[in-house]
Participant: 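Take this structure first; my questions come after.
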Amino acid sequence: MKKYLLKDLVPLSKPSFRIDYEKEVNPTQLEAVSIQDGPVLVIAGAGSGKTRALVYRLARLVETGVPPANILLLTFTRKAAQEMLRRAGIMIGSQCERIQGGTFHSVANTFLRKYAHLIGYEPGFTILDRADSEDVINLLRTQLMLNEKQRRFPRKNTISQMFSKANNLMEPLSQVIEREYFHFYNDLKDLLNLQNLYKRYKGLNQLMDYDDLLLNFKTLLEDHLEARADISQQFRYIMVDEYQDTNLPQSEIVRLMAFKHNNVMVVGDDSQSIYSFRGANFRNIMEFPNQFPETRIIKLEENYRSTQPILNVANTIIENAREKYTKNLFTRKIKGPFPIVLAAENENYQSRFIAQKVLELREEGVPLNDIAILCRAAFHTFDLEIELGRCNIPYVKYGGFKFVETAHVKDVLAHLRIINNPRDSMSWNRILMLIEKIGPRTSRNIIEWMFNNHNPLNLSNYPKKGKFTDGIIRLHELTVSIAKNGLTVTDQIGLICRYYEPILKNKYDDYPKRIKDLEHLQVITGRYQQLERFLSDVVLEPPNESISGVLPSPSDDERLVLSTIHSAKGLEWNTVFIIWALEGKFPSNYAFNSDEEMEEERRLMYVAATRAKENLFITYPINIYDQLSGYVLSKPSRFIEELSSELVESWNLMENRENQIFNY
């Protein structure tokens, strides 16, 4: 029988489009939307309409005759893919429903079930979520007798994080532990045994965790040419959003899926690559043109979010990056206030300025939920949270716990509370439960005995003996020490932290980070003379009611936004405050020994600045003693020192002593 081969036909005339693309997108976006074949890298600057470009390209591909089933859209959330496909469907109809869109994990799952037999699995394999994975690790940890209490071995969630980081970076576990979990390096041999046992267990029981979906899919594509060819033929047009956030396995999956045609468009911004701690690889977007020769690079530089003065600052910050795709953000919003750089005498002055300025902006008509305070690390807002509570300014916090919600801070504060109120049974219970061998029943018995003896602070005569006796004695010695007259609140916190540190190390695998939180707590107490005042301020919760006299009605639920920069990416506000722009804080001390980490700190500052639409404030306290490094920090962030007086206004902070009002 003679075979007749179907070919891709060239239309006799230019296709007629339902959408007027030249009208709907700007010229640079139109270039990205119109390219059909070959590899394309779209460098989408902050606020440049990358989602719009992706949506219109999806629509145009379908309108040019590409079967929707041959298009694949890869995003980092299912919601993002669904929203893009919904918008494209509104424009050109229901055929967009046949476009496959989703996350790398969901696509991997689909094809792993289809080709499961090729990698030794059944189609009905079970996917472990994070909690399931940790439970399996804990089971195997117990089988290897690594859970003995006398041994300080990492907990299940920490082990899971170690394994996942090694998978995402495609690095040996030993390398990850040496670099990021060095305090567990002595346990390396046992961790490697546990990792191998975990892999075997999953294979024997037909299990895959989230990382396995990517790694096994990559293996399928690498080792089985026929399956790779079928998948590549099915998806003749591949689009990837937020490519700067992909890890190494995801980058390899894209390359392998496109091997028959190289019709890949990736969209991202190298200047917003800030998730290396999750395994994202900055090199993916930088090396895409090498991975795909003849790549066309398109830069979206027109910004639809910010005023030009803000963009001038952002452009200068990223201009000094060592490696980048050079771009210059511009906007039609030429006019706007200059960004402000403000140095405060200390952290509390910084907090008081922000609180006062927020209220002024609110009076000028800027809603609280259109104002954001962005920080490099969650604990940088602790003092500010106290000040906002004092001023009755409601807020919501992203990217970390509120100050009093962190367990280790609660533990330390509980010791102070019993000094202020010896009959605080809740705080006593929290403190006693920190002692080894004391459970809820024993704690309840001790508290009852103390209160019956009319001197809760005297634990030395507790009659019942047990394995917890030494712990009781140490706690008694601490309470006697911190109850002495003449001690400042900072002195008391210092004594508690020295007592608590061994407990902290035994209780939390990430204790180095938590120790830094407690050091910051000591700094905050320096401005308090009275313990009662400190405890009253620190426990203030955001009020449920609106601010009297400022917000329009009691039913208004506006909240000022406090957020880490990592959690703020992709969002925007009328006004943004970037706090703690101080060498050693932002950039962090941890970045000083690595060029790559310092470059990511620069990109973090760029991301923070480009969240602002109209007002940008960059603040820092001076002459701050950092207990971790042992140095007085007084130098503004290097990223701020690069900004000339032509780009920013410098404000002096002064205080009117009579009515405690700041002047700028």
Participant: Please check if any side-chain donor atom of Thr381 sits under 3.5 Å from a side-chain acceptor atom of Lys397, or the reverse.
Facilitator: yes
Participant: At what distance, to the nearest 0.5 angstrom, does CG of Asn284 lie from OG of Ser273?
Facilitator: 8.5 Å
Participant: Donor-acceptor check, side chain of Thr64 to backbone of Leu61, threshold 3.5 angstrom: yes or no?
Facilitator: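 Confirmed, Thr64 side chain pairs with Leu61 backbone.
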Participant: Evaluate the side-chain proximity of Leu191 to Pro154: yes if any heavy-atom separation is below 4.5 Å, no if none is.
Facilitator: yes
Participant: So with a 6.0 Å cut-off around CG of Asn290, is the heavy-atom count from everything else above 12?
Facilitator: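 Result for CG/Asn290: enclosed.
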Participant: Once salt bridge (charged side-chain N to carboxylate O under 4.0 Å, His left out) is applied, do any residues pair with Glu287, and if so which ones, sequence neighbours excluded?
Facilitator: Arg283
Participant: Determine, for Glu83 against Arg86, whether the closest basic-nitrogen to carboxylate-oxygen distance falls under 4.0 angstrom.
Facilitator: yes
Participant: Take Leu221 and Ile253, measure what side-chain contact (heavy atoms from CB on, under 4.5 Å) needs, and give me the verdict at the end.
Facilitator: CA-CA 8 Å; Leu221 294 169; Ile253 286 169; 4.2 Å; yes
Participant: Do Val66 and Gln36 touch side chain to side chain, with heavy atoms closer than 4.5 Å?
Facilitator: yes
Participant: For Ser567 and Ser563, indicate whether the former's side chain and the latter's backbone hold a donor-acceptor pair under 3.5 Å.
Facilitator: no
Participant: Check the side chains of Arg113 and Asn109 for a donor-acceptor pair under 3.5 angstrom, ignoring hydrogens and angles.
Facilitator: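 Yes.
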Participant: With a 3.5 Å cut-off and no angle check, do the side chains of Asn429 and Ser443 form a donor-acceptor pair?
Facilitator: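 Checked: Asn429/Ser443 side chains pair up, N/O donor to acceptor below 3.5 Å.
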Participant: Any donor-acceptor pair under 3.5 Å linking the side chain of Ser164 with the backbone of Gln161?
Facilitator: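 No, because the side chain of Ser164 does not come within donor-acceptor range (under 3.5 Å) of the backbone of Gln161.
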Participant: Testing the 3.5 Å rule here: is there a donor-acceptor pair between the side chains of Tyr198 and Ser133?
Facilitator: yes
Participant: Looking only at non-hydrogen atoms, find the nearest pair between Ala46 and Arg305 and report the distance.
Facilitator: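 That would be CB-NH1, 4.1 Å.
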Participant: Say you draw a straight line from CE of Met265 to OG1 of Thr295; how long is it, rounded to the nearest 0.5 Å?
Facilitator: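 If we round to the nearest 0.5 Å, Met265:CE and Thr295:OG1 are 11.0 Å apart.
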Participant: Where do Tyr243 and Ser251 land on the side-chain hydrogen bond (donor to acceptor under 3.5 Å, both in side chains) test, with the steps shown first?
Facilitator: CA-CA 9 Å; Tyr243 193 70; Ser251 173; 3.3 Å; yes
Participant: Using modelled atom types and a 3.5 Å cut-off, is there a donor and acceptor pairing between side-chain atoms of Arg296 and backbone atoms of Pro39?
Facilitator: no
Participant: Verify, without hydrogens or angle tests, whether Gln234 (side chain) and Asn70 (backbone) share a donor-acceptor contact under 3.5 angstrom.
Facilitator: no
Participant: Ion pair present between Glu134 and Arg155, side-chain N to carboxylate O less than 4.0 angstrom?
Facilitator: no
Participant: State the CD-CG distance between Gln291 and Asn262, to the nearest 0.5 angstrom.
Facilitator: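 CG of Asn262 is found 10.0 Å from CD of Gln291.
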Participant: Using the ring-ring contact (aromatic ring centres under 6.0 Å, His included) rule, take His566 and Phe277 through it: C-alpha gap first, then chi angles, then the decisive distance, then the call.
Facilitator: CA-CA 11 Å; His566 288 101; Phe277 67 96; 4.9 Å; yes
Participant: Please determine if Arg611 and Glu572 form a salt bridge, counting it only when a charged side-chain N lies under 4.0 Å from a carboxylate O.
Facilitator: no
Participant: Run through Lys327, Gln244, Arg603, Lys324 and flag the one making a side chain to side chain donor-acceptor pair (under 3.5 Å) with Ser271.
Facilitator: Lys327
Participant: With distance as the sole test, does His183 use its side chain to make a donor-acceptor pair with the main-chain N or O of Asp510 at under 3.5 Å?
Facilitator: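 Looks like no, no N/O pair under 3.5 Å.
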Participant: When you compare the side chain of Val266 with that of Met239, does any pair of heavy atoms fall below 4.5 Å?
Facilitator: no
Participant: Between Thr103 (side chain) and Phe76 (backbone), is there a donor-acceptor pair under 3.5 Å?
Facilitator: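 Answer holds: no.
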Participant: If you take the centroid of each ring, where Trp contributes its six-membered ring, are Tyr181 and Tyr185 closer together than 6.0 Å?
Facilitator: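 Not under 6.0 Å, so no.
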Participant: For residues Ile238 and Leu74, report the shortest heavy-atom separation together with the two atoms involved.
Facilitator: CG2-CD1, 4.4 Å
Participant: Met162 versus Leu173: any side-chain heavy-atom pair under 4.5 Å?
Facilitator: yes
Participant: Do Ser106 side-chain atoms and Gly102 backbone N/O form a donor-acceptor pair below 3.5 Å?
Facilitator: no
Participant: Which is it for Leu248 and Leu169 under the side-chain contact (heavy atoms from CB on, under 4.5 Å) test, yes or no, and what are the steps along the way?
Facilitator: CA-CA 6 Å; Leu248 276 174; Leu169 297 177; 5.6 Å; no
Participant: State plainly whether the residues Glu171 and Arg179 are in salt-bridge range, i.e. N to O under 4.0 Å.
Facilitator: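 So Glu171 pairs with Arg179 through a salt bridge.
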Participant: I'd like to know if the side chain of Glu24 pairs up with that of Tyr56 as donor and acceptor (distance under 3.5 Å, no hydrogens or angles considered).
Facilitator: yes
Participant: Any side-chain heavy atom of Leu225 within less than 4.5 Å of one from Phe259?
Facilitator: yes
Participant: Heavy-atom distance under 4.5 Å between the side chains of Thr246 and Phe104, does that happen here?
Facilitator: yes
Participant: Find the distance between OH (Tyr395) and CZ (Arg559) and round it off to the nearest 0.5 Å.
Facilitator: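 Answer rounded to 0.5 Å: 10.5 Å.
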Participant: Counting C-beta onward and ignoring hydrogens, is there a side-chain heavy-atom pair between Asp269 and Tyr325 closer than 4.5 Å?
Facilitator: no
Participant: Would you check if the distance from the ring center of His261 to the ring center of Tyr237 is below 6.0 Å?
Facilitator: no
Participant: Do we see a donor-acceptor contact under 3.5 Å between the side chains of Asn26 and Tyr304?
Facilitator: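 Distance-only check passes for Asn26 and Tyr304.
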Participant: Under a 4.0 Å N-O cut-off, is there an ion pair linking Lys50 with Glu242?
Facilitator: yes
Participant: Any side-chain to backbone donor/acceptor pair from Arg87 onto Val55? Under 3.5 Å, distance only.
Facilitator: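 Answer holds: no.
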Participant: Taking the side chain as everything from C-beta on, heavy atoms only, tell me whether Cys375 gets closer than 4.5 Å to Ile565.
Facilitator: no
Participant: Can a salt bridge be assigned to the pair Lys165 and Glu180 using a cut-off of 4.0 Å between side-chain N and carboxylate O?
Facilitator: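 Answer for the salt bridge query: yes.
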Participant: For Arg78, does the CZ atom have more than 12 heavy-atom neighbours from other residues, nucleotides or ligands under 6.0 Å away?
Facilitator: no
Participant: Looking at Tyr21, is Arg60 sitting on its ring face, NZ or CZ under 6.0 Å from the six-membered ring centre and within 45 degrees of the normal?
Facilitator: yes
Participant: Are any side-chain N or O atoms of Asp211 and backbone N or O atoms of Asn167, one a donor and one an acceptor, separated by less than 3.5 Å?
Facilitator: no
Participant: If you compare all heavy atoms of Ile285 against all heavy atoms of Gly268, which two are closest, and at what distance to 0.1 Å?
Facilitator: CD1-C, 3.8 Å
Participant: Between Lys199 and Asp212, does the salt bridge (Lys or Arg N to Asp or Glu O under 4.0 Å) criterion hold? Intermediate values first, please.
Facilitator: CA-CA 10 Å; Lys199 289 179 180 177; Asp212 292 326; over 6 Å; no
Participant: Just say parallel, tilted or perpendicular for the rings of Phe111 and Phe217, cut-offs at 30° and 60°.
Facilitator: parallel
Participant: Calculate, to the nearest 0.5 Å, the distance between atoms CG and OH belonging to Asn247 and Tyr275 respectively.
Facilitator: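 Spacing of CG (Asn247) from OH (Tyr275) equals 14.5 Å.
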Participant: What distance separates Thr126 OG1 from Lys202 NZ, expressed to the nearest 0.5 Å?
Facilitator: 13.0 Å
Participant: Would Arg255 pass as a cation-pi partner of Phe292, given that its NZ or CZ must be under 6.0 Å from the six-membered ring centre and within 45 degrees of the axis?
Facilitator: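 Verdict for Phe292: no cation-pi partner in Arg255.
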Participant: Please find the pair of heavy atoms, one from Leu214 and one from Pro249, that lie closest to each other, and give the distance.
Facilitator: CB-CB, 4.3 Å
Participant: Check the pair Arg441 / Arg444 against side-chain contact (heavy atoms from CB on, under 4.5 Å), numbers first and verdict last.
Facilitator: CA-CA 5 Å; Arg441 181 179 299 178; Arg444 188 166 57 250; 4.0 Å; yes
Participant: Please report the C-alpha distance between Glu601 and Arg376 in whole Å, then the side-chain angles of each, then the deciding distance to 0.1 Å, and finally whether the salt bridge (Lys or Arg N to Asp or Glu O under 4.0 Å) criterion is met.
Facilitator: CA-CA 9 Å; Glu601 295 287 308; Arg376 171 62 184 85; 2.7 Å; yes
